[in-house]
Amino acid sequence: AKAAGGGRWMIYDAERDRRELTRQALTAAIPTGLDRGEFYLDYQPLTSLRDGRLLGVEALVRWRHPELGVLRPDQFIGLAEETGLIVPLGGWVLAEACRVAGSWSGTGGEPFVSVNLAVRQVHRPGLVRDVRDLLRHTGLPPERLQLEITESAMMSPAEEPVRALRMLADLGVRIAIDDFGTGYSNLAYLRDLPVTELKVAGEFVAGLRASEPQADERILASLVSLAHALNLTVTAEGVETAGQAERLRAIGCDAGQGWHFGRPEPADRILARMG
Ligand code: C2E
Ligand code: CA
Ligand code: CA
């Protein structure tokens, strides 16, 4: 055994080892989880602030882990991104979301499905071909697929992602910037990319008060005028109260997403909402 002073370090090391082991075990479990069908998607409504219509749904991945129960994306997406496993995992999400939304086709006016793309997926050659194949196989019309990318995906000087996004937009696929306003906002990409929508991070919405205009409301109002001047739509995320929804509507924001409109839920519940 070690002396008292060293003992603390041993405890610290043991904890770090355990964390590292958990990370390694979780990482190794991702491919097997994919094979065994442990991942599934919930869908959260994107609702028109003008007329309350269901415009789209965002696909959000969950993992029903055999020992740990249901894991949220924050518990494994980071790991998957660091290890490159986000490519097969994200590929599965994209395919599943297109399959489900494709099955809604028929009467017209069905919501689009919005899928999160990790930086690595955007930079991967073959993305455009995969999306084109998926749309063909699932029968999902391109304008009913939206891809959500983050500002950080656009930070590298690489030409490949820009070309890929242009080709996707030419197909008719919608391109949204996720968590707009929280990243490194070099707005040049709004000029260079075929973006169709800005999704404004919930942290701006959280500051909205029904009373006098606050800084967050002024920021939101300027984001909305910027977006509309560029012919983009704006979805506000994290809308939790009727008061926030009303302020956002008054500002001119197009759509809202958040607990006020609906939590993420299984595909069959979304189908029921469509009536
Ligand atoms: P995000 O893209 O910003 O997704 C919105 C998150 O906000 C979701 O958390 C959603 O459940 C949560 N949310 C929705 N409404 C409200 C609200 O009114 N209040 C609050 N406080 N939160 C709300 P979730 O499902 O845990 O996802 C977390 C993040 O994980 C997502 O953030 C996204 O960055 C990532 N993610 C989820 N699915 C995927 C995926 O398939 N691929 C990739 N690359 N990332 C994903
Ligand atoms: Ca998102
Ligand atoms: Ca977001």
Side-chain angles (χ1 to χ4, degrees), residues 30 33-34 38-47 49 55-64 69-101 112-124 127 130-131 134 145-153 161 174-183 185 195-208 223 234-245 247-248 253 255-267 269-270:
I30 292 176
L34 272 173
E38 292 169 5
F39 292 92
Y40 66 95
L41 301 180
D42 277 340
Y43 300 84
Q44 187 174 32
L46 276 66
T47 306
L49 289 170
L55 300 175
V57 294
E58 178 174 2
L60 295 160
V61 68
R62 279 89 181 83
W63 183 3
R64 191 173 285 112
V70 173
L71 302 182
R72 325 271 330 201
D74 292 337
Q75 296 172 274
F76 59 87
I77 287 289
L79 273 184
E81 283 176 343
E82 286 164 32
T83 57
L85 286 167
I86 193 67
V87 171
L89 177 59
W92 176 82
V93 169
L94 190 58
E96 174 67 4
C98 289
R99 184 185 69 77
V100 167
F112 62 83
V113 69
S114 199
V115 178
N116 293 287
L117 280 197
V119 177
R120 282 201 201 232
Q121 288 177 276
V122 181
H123 285 249
R124 199 184 119 267
L127 172 70
D130 285 358
V131 170
L134 270 172
L145 175 63
Q146 175 165 279
L147 300 174
E148 298 193 8
I149 59 175
T150 56
E151 293 172 322
S152 51
R174 302 160 183 255
I175 310 284
I177 303 294
D178 201 1
D179 302 329
F180 185 77
T182 60
S185 287
V195 175
T196 45
E197 163 149 309
L198 301 183
K199 295 192 73 177
V200 178
E203 64 190 70
F204 295 110
V205 177
L208 281 186
L223 290 183
V234 186
T235 294
E237 301 185 293
V239 184
E240 296 184 350
T241 69
Q244 289 169 345
R247 293 307 310 153
L248 288 163
C253 195
Q257 175 180 4
W259 299 339
H260 171 67
F261 298 106
R263 304 232 172 194
E265 55 191 13
R269 297 262 291 279
I270 295 293

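For ligands, and for the atoms within them, numbers begin at 1 and follow the listed sequence. Note that the structure is predicted; figures quoted are calculated from it, not measured.
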Mark whether atom 12 (C) of ligand 1 lies under 4.0 angstrom from at least one protein heavy atom. no

Among all protein heavy atoms, pick out the one at the shortest distance from atom 23 (C) of ligand 1; state its residue, atom name and that distance to 0.1 Å. Trp259 NE1, 3.5 Å

Any non-hydrogen protein atom below 4.0 Å of atom 25 (O) of ligand 1? yes

Counting heavy atoms only, which part of Asp179 comes closer than 4.0 Å to ligand 1: side chain, backbone, both or neither? side chain

Exercise check, heavy-atom protein proximity under 4.0 Å to atom 32 (O) of ligand 1: no

Check whether any N or O atom of His260, backbone or side chain, sits under 3.5 Å from an N or O atom of ligand 1, and answer yes or no. no

Heavy-atom check, side chain of Leu85 versus side chain of Leu34, under 4.5 Å: no

Looking only at distances, please establish whether an N/O atom of ligand 1 is found under 3.5 Å from an N/O atom of Asn116. yes

Is the shortest heavy-atom distance from the side chain of Gln44 to the side chain of Leu60 under 4.5 Å? yes

Looking at ligand 1, is there an atom of it that comes within less than 4.0 Å of some heavy atom belonging to Gln257? no

Got the closest protein heavy atom to atom 8 (C) of ligand 1, with its distance? Leu60 CD1, 3.9 Å

Beyond-backbone contact of Leu198 with Leu223, side-chain heavy atoms, under 4.5 angstrom: no

Looking at the Ca ion (ligand 2), is one of the N, O or S atoms of Ser114 less than 3.0 Å from it? no

Between Phe204 and Phe180, does the ring centre distance come in under 6.0 Å? no

Who's the nearest protein heavy-atom neighbour of atom 27 (O) of ligand 1, and how far? Pro73 CG, 3.3 Å

Under 4.0 angstrom from atom 6 (C) of ligand 1, is there any protein heavy atom? no

Counting distance only, does the side-chain N/O of Gln75 pair as donor-acceptor with the main-chain N or O of Leu71 below 3.5 Å? no

So is Gln44 polar-close to ligand 1, meaning N/O to N/O under 3.5 Å? yes

Gly202 heavy atom under 4.0 Å from ligand 1: no

Any cation-pi pair here, Arg64 with Phe39, using under 6.0 Å and within 45°? no

Where's the contact between Glu58 and ligand 1, heavy-atom distance under 4.0 Å: side chain, backbone, both or neither? side chain

For atom 28 (C) of ligand 1, what's the nearest protein heavy atom and its distance? Asp74 OD1, 3.6 Å

Begin with the C-alpha distance, continue with both residues' side-chain angles, and end with the deciding distance and a verdict on side-chain contact (heavy atoms from CB on, under 4.5 Å) for Val200 and Thr235. CA-CA 6 Å; Val200 178; Thr235 294; over 6 Å; no

Tell me which N, O or S atom of Glu148 sits nearest to the Ca ion (ligand 2). OE1

Could a heavy atom of Pro264 be found less than 4.0 Å from some atom of ligand 1? yes

Taking the Ca ion (ligand 2) as the reference point, name the nearest N/O/S atom of Glu58. OE2

Candidates Val93, Asp178, Val61, Leu71; heavy atom nearest atom 2 (O) of ligand 1 found on Asp178

The Ca ion (ligand 2) to nearest N/O/S of Asp178 less than 3.0 Å: yes

Please report which non-hydrogen protein atom sits nearest to atom 19 (N) of ligand 1, along with the residue it belongs to and the distance in Å to one decimal place. Glu240 OE2, 2.6 Å

